[in-house]
Amino acid sequence: MRNKFILLFVLFFSGLFLTVNGQTVKDMTTQEFKDLIWNYEKNKEWKFAGKKPVIIDLYATWCGPCKRLAPILSEIQKDYGDKIQIYKVDTDKERELARLFNASSIPLMVFIPLKGDPFLVPGLRPKEQLVQIINEKLLVAAPAAKK
């Protein structure tokens with residue numbers, strides 16, 4: 001009995017430590033998108049308001065591939081820590097955002113680099129492919145403007 005208590009105690013506090021010190025995938029509403037990413041009602045042209053690159057996972061609770069993607073994105077969020085932030089948007093609850101990104105097929109990921117335009121990655125992808133996209137397209141500096 002004592003060993004079970006010690007094990008539960010260790011697991012609880014290690015989980016608490018990871019939650020406090022590690023980044024987690026966060027739910028996002030349409031209003032939070034406008035506040036943190038881009039207020040498309042005020043700015044018709046794309047203007048990223050964030051301070052670090054973002055991935056937005058457009059999903060639905062009934063979607064099988066979305067359910068398989070969620071733990072992959074959680075793992076990626078933990079791997080990259082505060083270098084990126086991953087948000088998830090329930091397309092059934094946040095229909096305005098689903099329409100904004102024309103999310104007729106899910107899962108759909110929106111990759112938003114600090115500089116440059118966002119880009120869409122449709123479908124369930126393996127972790128290795130997502131890591132490659134993050135390293136090659138999301139975390140790189142924007143190309144210099146042509147003169």
Side-chain angles (χ1 to χ4, degrees), residues 7-8 10-147:
L7 179 62
L8 287 173
V10 169
L11 289 174
F12 173 77
F13 281 104
S14 64
L16 184 63
F17 177 77
L18 286 173
T19 302
V20 171
N21 290 325
Q23 292 284 90
T24 59
V25 174
K26 299 176 182 176
D27 291 313
M28 176 175 269
T29 65
T30 301
Q31 187 57 54
E32 288 168 328
F33 179 87
K34 292 176 189 175
D35 295 340
L36 300 171
I37 307 297
W38 172 44
N39 189 332
Y40 49 87
E41 292 175 337
K42 290 183 180 179
N43 301 310
K44 297 302 176 195
E45 295 293 320
W46 171 255
K47 184 176 183 203
F48 182 44
K51 296 186 182 346
K52 59 183 160 185
V54 166
I55 300 170
I56 299 173
D57 172 27
L58 297 161
Y59 78 100
T61 56
W62 48 263
C63 168
C66 300
K67 290 177 185 178
R68 292 194 304 276
L69 180 61
I72 295 169
L73 292 176
S74 291
E75 222 177 279
I76 288 172
Q77 181 66 77
K78 288 177 184 162
D79 292 347
Y80 282 88
D82 64 358
K83 292 180 185 173
I84 65 171
Q85 180 59 58
I86 300 176
Y87 294 101
K88 58 184 185 171
V89 173
D90 184 338
T91 56
D92 289 330
K93 292 180 182 175
E94 303 298 334
R95 294 184 185 271
E96 187 175 336
L97 278 182
R99 281 191 303 272
L100 179 69
F101 292 107
N102 197 22
S104 57
S105 178
I106 52 175
L108 178 66
M109 291 167 281
V110 183
F111 284 72
I112 305 173
L114 278 177
K115 305 284 185 198
D117 292 330
F119 57 95
L120 304 176
V121 176
L124 175 63
R125 304 295 174 105
K127 180 180 178 182
E128 298 75 23
Q129 187 177 13
L130 295 174
V131 166
Q132 182 179 4
I133 294 168
I134 291 166
N135 292 335
E136 292 178 1
K137 297 182 179 179
L138 194 64
L139 294 178
V140 296
K146 294 180 182 177
K147 292 183 180 183

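FYI, side chains are in, hydrogens and waters are out, and symmetry mates aren't considered; it's all heavy atoms of this structure.
Here the shortest heavy-atom pairing between Val25 and Ser74 reads CG2-CA, 3.8 Å. Of all heavy-atom pairs between Asp92 and Asp90, the closest is N-OD1, 2.9 Å. What you find for Leu138 and Pro113 is that their closest heavy atoms are CD1-N, 3.5 Å. Across Lys83 and Pro53, no two heavy atoms sit closer than the pair O-CD, 3.4 Å. Of all the heavy atoms in Pro107 and Leu69, the pair that sits closest is CB-CD2, 3.7 Å. Tyr87 and Leu36 make their closest contact through OH-CD1, 3.8 Å (heavy atoms, listed as atom of the first residue, atom of the second, distance).
Put simply, CG on Asp57 and CG on Leu73 are 5.0 Å apart, with the number rounded to the nearest 0.5 Å. Rounding to the nearest 0.5 Å gives a distance of 12.0 Å between CD of Glu94 and CG of Leu100. Summarising the geometry, atom NZ belonging to Lys137 is positioned 12.5 Å from atom CG belonging to Asn135; distances are rounded to the nearest 0.5 Å. Once rounded to the nearest 0.5 Å, the distance linking CG of Asn102 with CG of Leu120 reads 8.5 Å. Interatomic distance, Lys93 NZ to Thr30 OG1, rounded to the nearest 0.5 Å: 12.0 Å. Distance CD1/Ile84 to CD1/Ile134: 4.0 Å, rounded to 0.5 Å.
Shown here are the side chain to side chain donor-acceptor pair (under 3.5 Å) partners of Asp79, two or more places apart in sequence or in another chain: Lys127. Remark: Asp27 pairs with Lys88 by the salt bridge (Lys or Arg N to Asp or Glu O under 4.0 Å) rule, at least two apart or across chains.
Within the structure, ring-ring contact (aromatic ring centres under 6.0 Å, His included) contacts touching residues 58-85 (residues at least two apart or in different chains) do not occur.
At least one donor-acceptor pair under 3.5 Å links the side chain of Gln85 to the backbone N or O of Thr24. Side-chain atoms of Asn39 come within 3.5 Å of backbone atoms of Glu41 as a donor-acceptor pair (strictly under, hydrogens ignored). In this structure a side-chain-to-backbone donor-acceptor pair under 3.5 Å is missing from Trp46 to Tyr40. Gln23 contributes no side-chain N or O that, together with a main-chain N or O of Gln77, makes up a donor-acceptor pair within less than 3.5 Å.
For the pair Glu96/Arg99, a side-chain contact is recorded, criterion being any heavy-atom separation below 4.5 Å from C-beta on. Contact of the Phe33 side chain with the Trp38 side chain is registered, since non-hydrogen atoms from C-beta on lie closer than 4.5 Å. Put simply, the side chain of Arg125 reaches to within 4.5 Å of the side chain of Met109, judged on heavy atoms.
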Legend entry - From CA spacing to verdict: side chain to side chain contact (heavy atoms under 4.5 Å, CB included), Ile37, Met28: CA-CA 10 Å; Ile37 307 297; Met28 176 175 269; 3.8 Å; yes

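Under the 30°/60° scheme for interplanar angles, the aromatic rings of Phe119 and Phe111 are found to lie parallel.
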